[in-house]
Amino acid sequence: MTYFPEEVVEHIFDFLESHRHRNTVSTVCKAWYRVERLSRRSVFVGNCYAVRPERVVVRFPGVRSLSVKGKPHFADFNLVPHDWGGFALPWIEAFARGCPGLEELRLKRMVVSDESLELLARSFPNFKVLVLVSCEGFSTDGLAAIATHCRVLRELDLQENEVEDRGPQWLSCFPDSCTSLVSLNFACLKGDVNAGALERLVARCPNIRTLRLNRAVSVDSLSKILARAPHLVDLGTGSFTMDHRAEAYHRLMNNFTKCKSLKSLSGFWDASPRCLPAVYPICRNLTGLNLSYAPAIQGADLIKLIRLCLKLQRLWVLDCIGDKGLAVVASTCKELQELRVFPSDVCGAGTAVVTEEGLVAISSGCPKLNSLLYFCHQMTNAALITIAKNCPHFTRFRLCILDPGKPDPVTNQPLDEGFGAIVQSCKDLRRLSLSGLLTDQVFLYIGMYAECLEMLSIAFAGDSDKGMMYVLNGCKNMRKLEIRDSPFGDAALLEDVGKYETMRSLWMSSCDITLRGCKTLAAKMPRLNVEVINERDESDEMEENPSDLHRVEKMYVYRTVAGPRNDAPDFVWTL
Amino acid sequence: MELELGLALPNNHLMKGLDLNDGSTTNSYRKRGFEEAFEEVIPKATLPLFVHKNGGDGDDENDSPQLKNSPELNRALVGWPPVKHPRRRSAGGGAEERWSEHCGSNSDDGGGGRRAKCVKVKMEGVAIGRKVDLSLHDSYEELFHTLNQMFPNMQHELGIGGFAGFAHHPHHHRRRFMVTYEDGEGDWLLVGDMPWEDFIRSVKRLKILS
């Protein structure tokens, strides 16, 4: 292929949409490697410690869009110590030096300081898109810097970050000349915003399509915003509480009626059932609905709302919807593709909960369902088998039975057969989370049938090392494996050490692996970072000094070309 | 005391405890105190760690394994159920008080007047300890249940597979574990001797011995 001019090859590469395909063609020959790296516009780094930022910049000098992920997934559930790492600054510094044409930055589970946001704001004149998901370490001052200096900002999307509130003035930092915003999401901010500044900002950005407000934004403000921006496609309301008899309420409903393009609704903080009818006018067109922050909307009110949402494709609710509510979803939302049912107050007495019945109903009513996150109190094998038959298109299946290790309540059996049916039927399954009572058998099924599986989450499951071995031996496409509180030890860990270089990462906590096992792994595989996370404080006694035979509480293993990291805190030992 | 020379210890303060002649290290001092207190305590009847609420000693095979008080268990287990932090904080109706994930270090509980009382729990032979929020428990029984769930390797030692299997082991073959605690004065005592409320006030940390 060397007789093709480079421009032609580059043009052909433009058609390759996925990172994996571009990675593959870059390995064909030197010429292709060169063409590919110079024409690469988008880079995805799944683990910020797998490669040094400088190296990425040197190889891909023309990058416009960078995505980086930091902490392991279990950090979401507080299993990773707060200052484990995942700093954004080195990445922003490297790109500021070597790639000033950067336009888009997407970070997930990283520590982002105000300093890094300021550097970002000043270093990239063409910066357009900032997406921060589950990040922390910054305050509204950092946001002020972004607002002030990013002249052509199109997207500021803050999802579930921990942001320190230093006042509402950040929003006022968007200059009057800023008219380019298309997407603004500050739902996760805890503090107030200046209502007037917000309304004016929305009014002068004619292209704004996504707007997600935080809890501090009043309904009054929302009403005004809707009046100015009836072309919104994705809306997250602020505080959704008002007197439903008042003038303001009717104005709001009126303004909703004008929003003909609205497809997605979320927010609903503090929503009371009486206020819901304000959104009835637009339910017909909704493809996405997130009511998971509205615990006061239950039962009949919820059902009334759902019955209007015929085109729904994505629904996030709390489990107080109950099995009955899910049955209504099943009969109404025939286009449903993604369902998430979150636990409300676990100890709440008298609120409806969801069981296997709700999910069975959904599966039979919504055959297009492909993505599920379901927290429930119980599940049966029979239900799972039925669900597997009804919905063979699952790509993501995450089931969380709230009681760890709970068996099928009808038969008292483990849920091996049920999950086995899921992996056997759903040939495209990429992500799976298990729960309930499970023996090694379920892992045998997973290893045998889950060919496309890329991410597996295991908790309180399995009997012996064999369980983990079945998975490592069977799942050829495994990328991320995370395990907690399961009886897998060194034998399983060391069964196939080469496997971990084909994966992004392995997390094991509260399992039976020992320090010796970890050290052995580290010694055999120099291109893995084997991190042992060892939280302790001064009050621990000397005898706690671990010998090789001691169990390791938390271990994180990942492939890397960057070697051991130089920013690891004291309690992280890279073996 | 074993010293692992092969391991590069980043924390120098761990080395300090080695010098037994150093009066300033309270660690080694406490250790001796612990043993002395223990000699008094051993002859007493040990409190079984595994408490089966229904008292069904013999007919356990057919009982459905009841994980008693599972909501309490959920509250005491770190990171379970696996729900992201912001979502927990916004759950309505007093749920903010009841989600107590990482005891002690996340001090931003929005609502809730009750203070968490988190103490460390170490089990003999286990390198790293856990933490348990005592304020979420009302009795010794609940506490033992939580400890039982926190240290599932005990069940492996007992030769039972599966997390929920322990409660109905067919044989009466239960190894006794002793749960001890350190009180405000640095003494190590057996858990269970005094009224729960007094215990809560004085306990500093827990240790499980076999």
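Per chain, numbering begins at 1; letters A, B, ... match sequence-line order. Because the structure is a prediction, the values reported are computed rather than measured.
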Contacting moiety of [X], where chain B heavy atoms sit under 4.5 Å:
X: A:A75; answer: neither
X: A:L373; answer: neither
X: A:T514; answer: neither

- request: Could you grab the distance from atom CH2 of B:W80 to atom CG of A:N78, nearest 0.5 Å is fine?
  value: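 The CG atom of A:N78 is 14.5 Å from CH2 of B:W80, to the nearest 0.5 Å.
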message: Contact between A:F375 and B:P82 at the side-chain level, heavy atoms closer than 4.5 Å - yes or no?
response: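 A:F375 vs B:P82: side chains touch.
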query: Can you name the nearest heavy-atom pair linking B:L77 to A:F460, along with the distance?
result: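 In this case the closest contact between B:L77 and A:F460 is CD1-CZ, 3.6 Å.
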- prompt: side-chain hydrogen bond (donor to acceptor under 3.5 Å, both in side chains) with A:R484: which residues, sequence neighbours excluded?
  reply: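 Counting only residues at least two positions away or on another chain, A:R484 forms no side-chain hydrogen bond (donor to acceptor under 3.5 Å, both in side chains).
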message: The criterion is side chain to side chain contact (heavy atoms under 4.5 Å, CB included); which residues satisfy it with A:V133, sequence neighbours excluded?
response: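 If we apply the side chain to side chain contact (heavy atoms under 4.5 Å, CB included) test to A:V133, skipping adjacent residues, the hits are A:K108, A:V131, A:Q159.
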